[in-house]
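Since the structure comes first, as structure tokens, the remarks are kept for the end.
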Amino acid sequence: MRRHAAVFALFFLSPLVAEYFSGTTLPIFLLFLIVPLSLYYGSGAILIREVLRRTGRGWPAILTLGLAFGVLEEGVLTQSLFNPNYLAEDLHLLEPGYVPALGMGALWTVFVLGGHVLWSIGAPVAIVEEATRSRRSTPWLGRTGLIVVSVLFVLGCVMTFAVTKAEDAEAPFSASPAQLGISVAVVVALVALAFLLPHGERRPLDGPAPSPWIVFGATLVAGIGWGLLAGATSLPSWPASIAIALTCLAVLAVLVARWSRLDGWGRWHRLAVAAGALATSGWHAFAMDYSEPPVLDIVGRTIYLLAAAGIVWLAVRRIRRDDPAPEGTAA
């Protein structure tokens, strides 16, 4: 159990961040669903991390496979990218920026796929890795472990598809063969791209890396821009919401890519990025629609926010044991 602690942590953290902490789907009284949700989310995150780290690839490849993970779920399994009545008929998820030729809504597509990249894969993998002493040097699983996780992932795919079909029984929906075919083709293309991306150490740049607090603040600012895609906080114009959100994420990506090549960049900085993404997930939950009455939702989302802070605190403690904080960042 101790040797595979990181595997178990990632297995459950991925659905917690994606579905519970973000407030996108599940209230606190459905926390018991964490086990079946982990079959798809947790197994997928573990497979992405293990396969790419074993081949020496870095974060660009991980985030690319995170996007493939999202397209597989939303385009093939749940088909939420194409279902106008997904979750509930009165939500109208596809209306903002609806593209008739594709049968997709631009706002929902960007939000849900970006959420998978940031919350289903990115933040959980980063937090667990930085809290693990053998962050990249040692695989977490052997051949048998990889086989078991792969079987669990396939089971999670089947369960996700079956549960979605059962929930849509009153208003059955199936994406067209063209939509399914394009979704599968996009998944395959993204997987291929992840393994074609250059990997290895990049040439370092002169100068010191910024304080981890600056990195954390920049991630929070980008998270505020990303939050404009949430239904309760988006701008009246959906193109403006998408443009601001993607611009914020692009600027953050450029900054982190540059900062990571400066002297002193390390675990504290990577944890700062992950913590900022986790904080974005936590406050985003309060911008989502509430149940009637909303008291239970507010209490549950507050508990989730505190739990997210607790997870970061545990990661900080683990890093302090192995790698004392740089001067000036003891807080």
Side-chain angles (χ1 to χ4, degrees), residues 8-35 37-38 41-42 45 66 70 87 111-112 114-131 212-234 241 245 248-249 252 268-320 325 329 331:
F8 287 106
L10 184 54
F11 186 74
F12 292 109
L13 184 59
S14 177
L16 269 177
V17 177
E19 294 289 351
Y20 292 93
F21 288 2
S22 65
T24 52
T25 304
L26 300 175
I28 193 168
F29 62 85
L30 293 178
L31 189 58
F32 67 92
L33 291 176
I34 187 69
V35 175
L37 282 170
S38 295
Y41 283 89
L87 295 181
F111 173 73
V112 73
H116 281 299
V117 174
L118 298 173
W119 296 333
S120 301
I121 304 300
V125 170
I127 289 173
V128 176
E129 277 197 340
E130 300 310 328
W213 286 110
I214 293 177
V215 177
F216 178 72
T219 306
L220 282 182
V221 171
I224 293 173
W226 176 255
L228 293 174
L229 295 179
T233 59
S234 60
S241 297
C248 288
L249 292 184
L252 178 65
W268 290 103
H269 298 87
R270 291 186 290 268
L271 179 63
V273 176
L278 199 61
T280 298
S281 173
W283 73 253
H284 166 271
F286 291 90
M288 303 298 289
D289 293 334
Y290 293 92
S291 304
E292 294 293 340
V295 176
L296 184 60
D297 277 355
I298 294 176
V299 172
R301 293 172 194 191
T302 301
I303 292 174
Y304 287 150
L305 187 60
L306 294 175
I311 289 170
V312 174
W313 176 73
L314 289 175
V316 168
R317 288 191 62 186
R318 291 297 300 270
I319 294 177
R320 277 179 173 168
T329 62

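We count residues from 1, following the sequence as given.
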* Asked: How close do W226 and F111 get, heavy atom to heavy atom, and via which atoms?
  -> CZ2-O, 3.6 Å
* Asked: How about W283 and R301: do any of their side-chain heavy atoms sit closer than 4.5 Å?
  -> no
* Structure fact -> Correct closest heavy-atom pair for G42 and P15 would be N-CD, 4.1 Å
* Full working for side chain to side chain contact (heavy atoms under 4.5 Å, CB included) between V215 and W268 -> CA-CA 10 Å; V215 177; W268 290 103; over 6 Å; no
* To do: Measure the spacing between CG of L271 and CD1 of I319 and express it to the nearest 0.5 Å.
  => 4.5 Å
* **Rounded distance [0.5 Å steps], CG in L16 versus OH in Y41** => 11.5 Å
* Are the side chains of I298 and T302 in touch, meaning some heavy atoms are under 4.5 Å apart? -> yes
* Structure fact -> Heavy-atom nearest pair, A272 first then P212, reads CB-O, 3.3 Å
* For Y20 and I303, what are the C-alpha separation, side-chain angles and deciding distance, and is it a side chain to side chain contact (heavy atoms under 4.5 Å, CB included)? -> CA-CA 10 Å; Y20 292 93; I303 292 174; over 6 Å; no
* Under the 3.5 angstrom rule, does the side chain of S14 hit a backbone N or O of S120 as a donor-acceptor pair? -> yes
* Asked: Out of curiosity, Y304 OH to L31 CG, how far, rounded to the nearest 0.5 Å?
  -> 4.5 Å
* To do: Identify the two heavy atoms, one from G66 and one from H116, that lie closest to each other, and give their separation to 0.1 Å.
  => O-CB, 4.2 Å
* Among V273, L314, V17, I311, find the residue that satisfies the side-chain contact (heavy atoms from CB on, under 4.5 Å) test when tested with I127. => I311
* Grab the two heavy atoms, one from A279 and one from L220, that are nearest each other, plus how far apart they are. => CB-CD2, 3.7 Å
* Asked: Which heavy atom in A275 sits nearest to a heavy atom in F216, and how many Å separate them?
  -> C-CE1, 3.7 Å
* When rounded to the nearest 0.5 angstrom, what distance separates CG in L13 from CD1 in I34? -> 8.5 Å
* To do: Calculate, to the nearest 0.5 Å, the distance between atoms CG and OG1 belonging to L249 and T219 respectively.
  => 10.0 Å
* To do: Find the distance between CZ (F21) and CG (L306) and round it off to the nearest 0.5 Å.
  => 10.0 Å
